[in-house]
Amino acid sequence: MSRHLILLPAPEAEWANLPPEEHEKGVRSHEQFHRDLEKGGHRVVTTAPLTPSAEATSMRPDGNGGVVLTDGPFTESTEQVVGFYLVDTDDRADLLRLCGEFAGRGELIEFRDVVADGEHDHGNGDDHRGDSP
């Protein structure tokens, strides 16, 4: 079984200004995606919308062993991640197909494979799970 993160980027300012019927269209698209995932035997581990990027707290190293905290996202862009699905599946190809259908209904999607335990060596063979970001 493999695990995948389906990120949902969107132009937050545009979404906030859409008429209610467009919001309802989005809700119906997500409901269809849930049905399609279930029918395809894919297991949604969790899914959730995210608070607006303006409410994010970004953290960067300060170069002296400390951290610099900043209100808002790391980068200024027209699109921010507004939600996600974490999905387990035995059929990655079918999951990609369903994501394509979801995107075809007007959704923006970034599909990412989650690296399985023990598969990522960060380039040097060391296991860094548990290290601080």
Decide side chain to side chain contact (heavy atoms under 4.5 Å, CB included) for D113 and S2; before the verdict, give the C-alpha distance in whole Å, the side-chain angles of both, and the deciding distance to 0.1 Å. CA-CA 8 Å; D113 297 325; S2 58; over 6 Å; no
Measure the CZ-CZ distance between R92 and F111 for me, rounded to the nearest 0.5 Å. 5.0 Å
Cluster link I6 to L108, ILVMFWY, side chain under 4.5 Å: no
Between CZ on residue F33 and CZ on residue R105, distance to nearest 0.5 Å: 8.0 Å
Do Y85 and H34 have side-chain atoms, one donor and one acceptor, less than 3.5 Å apart? yes
Out of curiosity, L50 CG to E55 CD, how far, rounded to the nearest 0.5 Å? 11.0 Å
Go through it in stages, so that I can follow the logic: the residues are Q32 and D36, the test is side chain to side chain contact (heavy atoms under 4.5 Å, CB included), and I'd like the CA-CA distance, side-chain angles, deciding distance and then a yes or no. CA-CA 6 Å; Q32 181 64 51; D36 292 345; 2.7 Å; yes
Answer with yes or no whether the side chains of H42 and D94 bring together a donor and an acceptor at under 3.5 Å. yes
Rounded to the nearest 0.5 Å, what's the gap from CZ on R3 to CG on L86? Could you check? 5.0 Å
What's the shortest heavy-atom distance between I109 and F102, and which atoms? CD1-CD2, 3.3 Å
Between R43 and V87, is the side chain to side chain contact (heavy atoms under 4.5 Å, CB included) condition met? List the steps. CA-CA 6 Å; R43 186 175 75 84; V87 178; 5.8 Å; no
Hydrophobic cluster membership, with links at side-chain heavy-atom distances under 4.5 Å among I/L/V/M/F/W/Y: are L5 and V45 in one? yes
Go through L95 and H4 one step at a time and tell me if the side chain to side chain contact (heavy atoms under 4.5 Å, CB included) criterion holds. CA-CA 9 Å; L95 180 57; H4 308 278; 3.6 Å; yes
Are E21 and K25 close enough for a salt bridge, meaning some N to O gap below 4.0 Å? no
Which heavy atom of E12 sits nearest a heavy atom of T51, and at what distance? OE2-O, 4.5 Å
Any donor-acceptor N/O pair, D62 side chain to N64 backbone, under 3.5 Å: yes
When rounded to the nearest 0.5 Å, the distance separating CG of D71 from OG of S53 is 12.0 Å
Hey, does L8 have a side-chain heavy atom less than 4.5 Å from the side chain of H30? yes
As an exercise, state the distance from CD of E38 to CG of L98, rounded to the nearest 0.5 Å. 12.5 Å
Which heavy atom of R112 sits nearest a heavy atom of L7, and at what distance? CG-CD1, 4.3 Å
